[in-house]
Amino acid sequence: MIRAYSQSSSPEKGFHFYSQMRDKGFRPDPISSSFVLKSCTRISSLVGGRQIHGRILRDGFQSDCQLLTTLMGFYASCDNGTDARKVFDEMPQRDTVAWNVLISCYARNGRTRDALSLFDVMQNPEYGSEPGDVTCLLLLQACAHLGALEFGERIHKYINDHGYGDGLKLCNSLIAMYSRCGCLDKAFEVFQGMPNKNVVSWSAMISGLAMNGHGRNAIEAFIEMQKMGISPDDQTFTGVLSACSHVGLVDEGMRIFESMREFGISPNIHHYGCMVDLLGRSGLLDQAYQLITSMGVKPDSTIWRTLLGACRIHGHVSLAERVVGHLIELKAQEAGDYVLLLNIYASVSDWEKVANVRRLMKEKGIQTTPGCSTTEINGEVHEFVVDDDAHPRKKEIYEMLDEIEKQVKLAGYVADMSAELHDLGAQEKGSALTYHSEKLAIAFGVLATPPNTKIRVAKNLRTCVDCHNFAKVVSSVYNRELEEFKPRDLLPKWEQLGFGTNDFKDNGLSPYWFLMGFKFLSDESGTLLCGMVSYNEGSDKRKPAANFGIHGLWPNYNDGSYPSNCDPDSPFDPSTISGLKRQMQSNWPTLACPSGDGTKFWEHEWEKHGTCSESVLDQEGYFEAALNLKKQVDLLSILQKAGIQPDGRFYSLTSITKAIRDATGYTPGIECNVDASGNSQLYQIYICVDTDGTNLIECPVLPRGKCSSRIEFPSF
DNA sequence: GTAGGGTTAG
């Protein structure tokens, strides 16, 4: 009979047998109870499990360590950490497995830091339990989740000291932990040191490369693993597809996505999510929308949110509204979604709709997600929220923050209120910014560590511009290396406000297009209406420039598409370029028919394009880089030296291209206007430069230029 | 004839 219910096919049946047995006065043994508990875990029957719990006590099994461990596991699976802990506390003795279940329970229930603290507690002489390989595995996961690098390194050392270093699972977890902490070198070191790598090892490495901005290497690793005879599985594809989306490789991503069926893998929601991200970021928003509506899986809120993010990047208002509609339908809309929508409206200057959304949020009482920052000091993770008053050293922290504020203001830091989307008065804004969780974490870091120590601050939300600026100044004033990162997210780096690293390298944004504009607007008959307008040096009089002007400097994806409006929280600030203004007026004149002093155009270029590379070039650096490039490549004299004059005559496309290639060493992109009589006019010339915005490079893709073989070079 | 139960990688 016991066997009948212990081993019966379905959990429900097993539980039924068990109840019947009890009613007939049979007394089950601990192992049978264990089976039934497992069944309850599987069907997540909290009621059933509680009944078994009661019976275990009545049956006198309360000193059976293994049975109680199963019971803990049951409560843990029901997200009931309190009862799991109660069982644990009442156990007469606890072995390593019991500790492991508690750690796993905490980690699963969001009490990650408590999970980590158990590593020391269990080794305390009072308990004297030795962490085992599984313990390390669980703790490494917790470290990865928290971005707790120091703690992770400690576990790594423990693993080596205890001879667990060859464990496949442990090595795989180490790769993941180091990757998620942004320590790719260490991840790779572990990976390379493994004599046997399985699909998990490769997938971890591929995801690690992808999330750290090495998309191309991730794709290479994907190819390499197959050469080694290891077949990718579903999670490998998630990794490599996210790599494609970070590098902006649409075709490659598509090919890999479609190759999944050859491996017998049907795409899951994560794969679709990557594809939506890939298409969305590349500006193929309608295709992304189509993919969501046609996939065989029910779209979840995450995938809609991905598309919403893409709508923000590309300023696609109507689609964004439709997407929010879907989120509302799913009853899944969160504060962040409204903030995104708000940003989208703001990016197209629809202030009325911005106000509407704000009103709606207020009416619905929607709270924005509280910002939370963590920093790890001496292996201990400290967590801060906005206006935190929970930290034991809060008094010192706030005093330190005051002191830092004074110092950084002396060094030129000015609070940037623009980051705040809340409807606060200016004064309230000031204080809300002062106590952002990030600043508290930084203050604590400065307080608790000696100079020249690297402080790493992890943040759940995007770091606001003000905190970022603040951090920059603090790092120079206090001589610290500050690193901001977002461990739980796979956002490509250009959306993270990072510094200390050149985060543009190898993330698909490596080349800049340098556009030297030359705009002619013609009427129906082909008459030139107005051209580039600029100030003459030293004069206030406006007249058409007799030279090429700068159109813009655009950070691009390698496939020729480009992100735009990346940071609505970073508006154009004319004061940053006051030193460049004269140069700007003569070299970067307004494109359209003359109006204003050009500021509008610069504002447009900064907000649409410059914000997408602001972690590499700040506003001043952005405009400066463009001006320097124009000096470096003097297009007009290059063409004139080749006998190509702005005289209204026709020149061959090849001769123009060749003249520039001969002079610069690189092939330019030539774009034309077509006038009413069908003639091609020279419109603008594309030159590509590297990440730093200084060296010319060969363009990965050239724009389609609408030029015929013979082009008119109108006079200025 | 009397086994059989707990934690675990990307």
Side-chain angles (χ1 to χ4, degrees), chain A residues 2-8 14 28-42 49 52 56 61 64-77 84 87-88 91 93-108 115 118 122 129-145 152 155-156 159 164 166-180 187 190-191 194 196-211 218 221-222 225 230 232-243 270 490:
Chain A
I2 286 173
R3 176 172 294 194
Y5 74 71
S6 295
Q7 299 179 351
S8 75
D29 66 357
I31 291 164
S32 313
S33 307
S34 174
F35 274 124
V36 183
L37 257 179
K38 273 278 193 192
S39 302
C40 293
T41 306
R42 235 173 300 147
I52 308 293
I56 286 170
F61 300 149
D64 184 324
C65 181
Q66 277 191 68
L67 182 56
L68 293 180
T69 310
T70 314
L71 186 59
M72 280 176 67
F74 159 75
Y75 281 122
S77 77
V87 175
F88 180 83
M91 284 168 82
Q93 74 273 330
R94 307 164 190 95
D95 62 4
T96 300
V97 181
W99 284 98
N100 291 347
V101 176
L102 187 65
I103 291 170
S104 147
C105 171
Y106 279 177
R108 256 191 291 181
L118 293 178
M122 69 189 285
S129 280
E130 183 90 335
D133 53 348
V134 176
T135 319
C136 295
L137 210 56
L138 293 163
L139 293 171
L140 285 176
Q141 285 178 296
C143 292
H145 198 76
I155 305 291
H156 192 175
I159 287 168
Y164 301 142
D166 295 331
L168 183 63
K169 289 184 182 179
L170 275 173
C171 288
N172 292 341
S173 293
L174 280 168
I175 295 170
M177 183 276 291
Y178 280 126
S179 297
R180 300 215 90 181
V190 174
F191 179 76
M194 293 171 73
N196 301 305
K197 304 177 182 78
N198 65 3
V199 61
V200 180
S201 329
W202 281 96
S203 305
M205 199 62 244
I206 288 168
S207 302
L209 287 162
M211 76 178 78
F222 176 69
M225 75 176 273
I230 294 172
D233 68 6
D234 54 340
Q235 292 197 60
T236 323
F237 278 104
T238 308
V240 74
L241 288 176
S242 83
H270 300 294
L490 301 186

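In what follows, chains are A, B, ... by sequence order, proteins preceding strands, each numbered from 1.
- Distance, A/I31 CD1 to B/dA3 C1': 8 Å, rounded to whole Å.
- Contact of A/N198 with B/dG10 (side chain to base): no donor-acceptor pair of N or O atoms is detected under 3.5 Å.
- Remark: C1' of B/dA9 and CG of A/L137 are 5 Å apart, rounded to the nearest angstrom.
- In this structure A/H270 satisfies the side chain to side chain contact (heavy atoms under 4.5 Å, CB included) test together with A/T238, A/N268, sequence neighbours excluded.
- One can place CD1 of A/I175 at 11 Å from P of B/dG10, the figure rounded to the nearest angstrom.
- With B/dA9, B/dT7, B/dG5 as the candidates, the nucleotide lying closest to the side chain of A/Q66 is B/dG5.
- No hydrogens or angles were tested; on distance alone, nothing pairs the side chain of A/T70 with the base of B/dG6 as donor and acceptor under 3.5 Å.
- Ring pair A/F88/A/W99: centre-to-centre distance below 6.0 Å.
- At distances below 3.5 Å, at least one donor-acceptor pair connects side-chain atoms of A/T96 with backbone N or O atoms of A/E130.
- Under the side-chain hydrogen bond (donor to acceptor under 3.5 Å, both in side chains) criterion, A/Q66 pairs with no residue, sequence neighbours left out.
- Side-chain atoms of A/N100 stay outside donor-acceptor range of the base of B/dG6, with no qualifying N/O pair under 3.5 Å.
- As rounded to whole Å, 18 Å separates atom C1' of B/dT7 from atom OH of A/Y75.
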